[in-house]
*Asks:* 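I'd like to ask you about the structure that follows.
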Amino acid sequence: MWAGAALFFAALLSQDILEDAPQIIILLGAGMAFFAFILKRWAPSVGKASIGFFMSQAANCLMLIGKACIFSGVFDFFSIAQGQSQLLTGAFLIMISTYFIFDSYADRFLCSIFFFGMLFLFSGGFYMHSGWMINLSQETLAAWGFVLTALIFIKRASLFYPIAWALIAAMCSVPVMQIETAKGTAYTAVLFNDNKLLIVAFMAACAAVHIHLTAAFNKRNLAAVCIFILCCLPFNIPVLMGAGYLFLGVFFRDLRLKILGYAVLAGGLLFLYYSLHITLIEKAWLLMTSGLVFLGVRFVLGRVYEE
C-alpha cells in the first residue's frame, strides 16, 4: 500500500503528462479504477491465500492511481484561482465514489486526507464558478471538524474512522499554516473566540443526550463535563479540542483517543505559547499554570471514573 500511496501522489504531481488531453487522463483513470474494482471482488474467490492477497493489494494500488489520474484530468479543466469549488467537488467525489463498495482502509484514508487537505488549504476563500467567493475561517472549519470526528467516535462508527483520522490530520496542519500569521496574538482574541462556543455547546449537548438516554442523572459525567468546560475556556481552540478528545478517550476507555487528546492538547499549548504577544516570563507562568491545571483535571477525571 505504500507503493500505491506513492504512486497516488506521483500521479497528482505529474500534470505535465498529456496536459493537452485531460480527457485521456480521465478515461485512463476511470479504466484503472474499474479494473481495480473487478480485481478486488475477484481476489477472495482465488484458491491460494497468497495470490488473493497479492491481487487485493494490486487492486488497492490501481484504485489509488486511477483516482489520481481522474483528479489530474479534472485539475487541467480548471484554473486554481477560479476553479476551487470544482476542484473540491472533484476531490469529494473521488473520496466518496467508492467509499462504501471498495473495502480498503488506505484508499479511504488517503482520498479523505487529500480532500480535507484541499478544504483547509482553500479555506481563506472559495472562488465559485460564477466569480463570487465564500470566506471560511480555518478555525471555524476545525471546530466543525472536531464536532464531526467526535460524533464518529461517539457512535463508534468504525466504517467512518478513515474519514475521522484523515480530518484530524488535516486539522493538525492548521497551526502549521498559521505559524507566521499568529505571531503577536492578543490574549483577548484567544479568550473571546466564537468558535469555542461551538465546541463547548457540542460537549454540553452530548452530556444532556447521554443523561436523557440513560434515564438517570449521572453526577459523574455531569461533573466531568463541567470540569472540562471550566478548565478549557481560557485556552485556544487546539487545547479545547485536545481536551475534548481526551475526555472522550477517558469516557470510552479508548487508548488511541487518549493519546490523540494528549498530543493535540500539548501541541495546542505550544502553539498558544508561541503565538501570544506577552513577555517570556508571562509565557513561562502560563505553561506552568496550564500543566498544573491539566494534571489536576486528569486526577479528578481519574477519580470520577475510578481508573
Side-chain angles (χ1 to χ4, degrees), residues 84-85 87-96 99 105 108-126 134-179 181-182 189-190 193-207 209 225 228-229 232-233 235-249 251-252 254 256-272 275:
Q84 292 178 0
S85 61
L87 294 175
L88 283 172
T89 302
F92 176 76
L93 291 177
I94 286 174
M95 177 186 74
I96 205 68
Y99 194 93
Y105 192 99
R108 291 167 176 172
F109 176 80
L110 288 172
C111 293
S112 299
I113 199 173
F114 179 66
F115 166 71
F116 290 122
M118 289 187 61
L119 184 65
F120 280 95
L121 182 64
F122 293 156
S123 60
F126 296 97
I134 300 176
N135 289 315
L136 286 175
S137 165
Q138 289 179 338
E139 279 195 349
T140 302
L141 286 177
W144 283 104
F146 169 79
V147 172
L148 177 60
T149 54
L151 284 174
I152 292 174
F153 291 133
I154 289 172
K155 295 291 292 182
R156 317 307 285 171
S158 58
L159 177 64
F160 298 103
Y161 278 2
I163 288 181
W165 289 109
L167 182 52
I168 289 169
M171 289 191 294
C172 289
S173 68
V174 173
V176 177
M177 291 187 286
Q178 294 181 348
I179 196 70
T181 58
V190 175
N193 189 323
D194 295 339
N195 294 313
K196 292 199 297 187
L197 297 177
L198 172 63
I199 299 177
V200 171
F202 170 75
M203 296 301 294
C206 289
V209 171
V225 171
F228 162 79
I229 293 174
C232 296
L233 280 178
F235 298 99
N236 57 356
I237 292 290
V239 170
L240 201 62
M241 291 168 55
Y245 288 128
L246 181 58
F247 174 79
L248 293 177
F251 183 83
F252 290 109
D254 190 325
R256 292 176 302 174
L257 284 180
K258 289 181 183 179
I259 295 174
L260 173 66
Y262 282 124
V264 174
L265 192 149
L269 284 175
L270 290 176
F271 181 73
L272 180 63
S275 61

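Only heavy atoms go into these numbers, but all of them, side chains included; no hydrogens, no water, no symmetry mates. We number each residue from 1, following the sequence as shown.
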*Asks:* Enumerate, atom names and distances included, each donor-acceptor pair closer than 3.5 Å involving a side-chain atom of residues 153-169, sequence neighbours excluded.
*Replies:*
| unit_1 | atom_1 | unit_2 | atom_2 | d |
| --- | --- | --- | --- | --- |
| Arg156 | NH1 | Phe153 | O | 3.0 |
| Arg156 | NH2 | Asp254 | OD2 | 2.9 |

*Asks:* Show the nearest heavy-atom pair for residues Met241 and Ile199, with the distance to one decimal.
*Replies:* CG-CD1, 3.7 Å
*Asks:* Of the non-hydrogen atoms in Gly244 and Phe146, which two are nearest, and what is the gap between them?
*Replies:* CA-CZ, 4.0 Å
*Asks:* Ser112 versus Tyr99: any side-chain heavy-atom pair under 4.5 Å?
*Replies:*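 A side-chain contact under 4.5 Å exists here.
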*Asks:* Looking at every non-hydrogen atom in both residues, tell me the closest pair between Phe247 and Met203 and how far apart they are.
*Replies:*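 Of all heavy-atom pairs spanning Phe247 and Met203, the closest is CD2-CE, 3.3 Å.
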*Asks:* Kindly compute the distance separating CD1 (Ile94) from CG (Leu110), expressed to the nearest 0.5 Å.
*Replies:* 12.5 Å
*Asks:* Hey, does Leu198 have a side-chain heavy atom less than 4.5 Å from the side chain of Thr140?
*Replies:*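 Not touching, per the 4.5 Å side-chain cut-off.
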*Asks:* Quick one: does Leu265's side chain get under 4.5 Å of Phe235's, heavy atoms only?
*Replies:*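 No, too far: nothing below the 4.5 Å cut-off.
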*Asks:* Sequence neighbours excluded, which residues qualify as side-chain contact (heavy atoms from CB on, under 4.5 Å) partners of Ala91?
*Replies:*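 In terms of side-chain contact (heavy atoms from CB on, under 4.5 Å), with neighbours along the sequence ignored, Ala91 is linked to Phe71, Phe114, Phe115, Met118.
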*Asks:* Once side chain to side chain donor-acceptor pair (under 3.5 Å) is applied, do any residues pair with Thr149, and if so which ones, sequence neighbours excluded?
*Replies:* Tyr245
